[in-house]
Amino acid sequence: MDRKKSPAAKAITPTDSAEKINLKGLWIEDFEKLLGDLGEKRYKARQLASWIYAKGVTDFAQMTELSKDLRKKLSQIAFIDSIRLVKRQVSQKDISEKFLFQLSDGEKIETVLMWEGKRVTICLSTQVGCPLGCTFCATGEMGFKRNLTAGEIIDQMIALGDRHITHVVLMGMGEPLLNYDHTIKAVRIINNEMGLSIAGKRITLSTAGIPPMIEKLAEEKLKVRLAISLNAPTDNIRSELMPINKKYPLKVLLDAVKHFIKETRRGVTFEYVVIKDVNDSEKDALELSKLIRGVRCKINLIPYNPVPDLPYRKPSEEEILAFRDCLYPRCPAVTLRRSKGEDIFAACGQLRTLS
Ligand code: SAH
Ligand code: SF4
């Protein structure tokens, strides 16, 4: 935690509302500092966290566990911001919902909720747009506006009310490892019992592959799962699809991934978007199985979801199954993701907001 940058680390003096501190996105250490500055006991930080995150309260008056005096002091210097739901779309084909949220500066982001039996997964955005510009991705195409704050990341969950969410994937708009501090802080809040209480093994962070940040993530005491969007078996194909590969070619990326596996003793998932005539040949499958030989991993094949104005196509069902069969038995752990919410443009890589 970088205390210097934290809004709570500023000298706290009751002033006009324009100077009030937004508490959404702050965490225990920030609350302790804030309460200390107010002359209050630091243990109350946990109660405050629990009211804001676990209970989703935005009005200090409702925080009945806290003394009236403290509630008054808090309302003079702070507020609890929320993102605003502006549109909700329900998919007809399967069970998924897409939400459009407006942030306090007017920017918009999308969040997706998916059901599979008892599993309820929320797909969170970490940036407005994305700076990496992968050529097949709708978010990449819209360009980059700004990073989300930890509060805006977490609020995508809180704003939906009690939806019995069991799993969290950081796979919405943006590249989480390029918004490292806010993403990690949000993950800590999601993971903690005073926050959203989702176990680390049920939180997956998906990255296009930023090796120094993957190494940093390996050092965090977080049990989150890591997914890497591999999407190609060779540097040639990958650089074509994902420009970041020119900076960090496959060898560098895989070294970081191996380091992560060694440090955390956890396997990873390689995601592979199967695109017709681009990365779906038998040769590609053989090269892919060679590339990841000896790496403790699972491969998740994602049939390409078409994006208007982009030149890529989805292979047929038979072509996808043939590709999967070519990987077997060299890569035994291969799953095929059935995309949800294609009709409402909520499927992988289809998120884009127009402003
Ligand atoms: N930036 C991160 C997380 C968001 S993208 C990353 O790239 O991993 C989430 C996933 O959607 C990635 O695996 C990406 O490869 C995939 N994706 C992007 N566009 C897609 C599309 N049009 N069809 C299917 N999957 C897509
Ligand atoms: Fe960004 Fe991921 Fe889309 Fe690439 S695939 S442009 S990294 S959101």
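Indexing begins at 1, ligand by ligand and atom by atom, following the structure's order.
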Would you check if atom 3 (Fe) of ligand 2 lies under 2.8 Å from any N, O or S atom of Cys134? no
Please determine which of Asp284, Asn279, Asp277 meets the side-chain hydrogen bond (donor to acceptor under 3.5 Å, both in side chains) test together with Ser281. Asp284
Apply salt bridge (charged side-chain N to carboxylate O under 4.0 Å, His left out) to the pair Glu29 and Arg188, showing each step before the final yes or no. CA-CA 12 Å; Glu29 57 275 19; Arg188 286 193 199 288; over 6 Å; no
Once the angle between the rings of Phe31 and Tyr53 is folded into 0 to 90°, is it parallel (under 30°), tilted (30 to 60°) or perpendicular (over 60°)? tilted
Taking all heavy atoms of Ser96 and all of Met114, pick out the closest pair and write down the distance. CB-CG, 4.1 Å
Answer with side chain, backbone, both or neither: which part of Glu175 has a heavy atom less than 4.0 angstrom from an atom of ligand 1? both
Atoms of ligand 2 under 4.0 Å from any heavy atom of Gly140, numbered from 1 in the order shown, are 6 (S)
Check each atom of ligand 2 against the heavy atoms of Ala208 and keep those under 4.0 Å away; list them by number with element. 7 (S)
Measure from atom 1 (N) of ligand 1 to every heavy atom in Gly174, Cys130, Ser229 and give the option owning the shortest one. Gly174
Salt bridge or not for Lys185 and Asp30, using N-O below 4.0 Å? yes
Any non-hydrogen atom of Gly172 lying under 4.0 Å from ligand 1? yes
If you measure from atom 5 (S) of ligand 2 to every heavy atom of Cys137, Cys130, Ser229, which option wins on shortest distance? Cys137
Quick note on ligand 2: atoms under 4.0 Å from a heavy atom of Leu132 include exactly 7 (S)
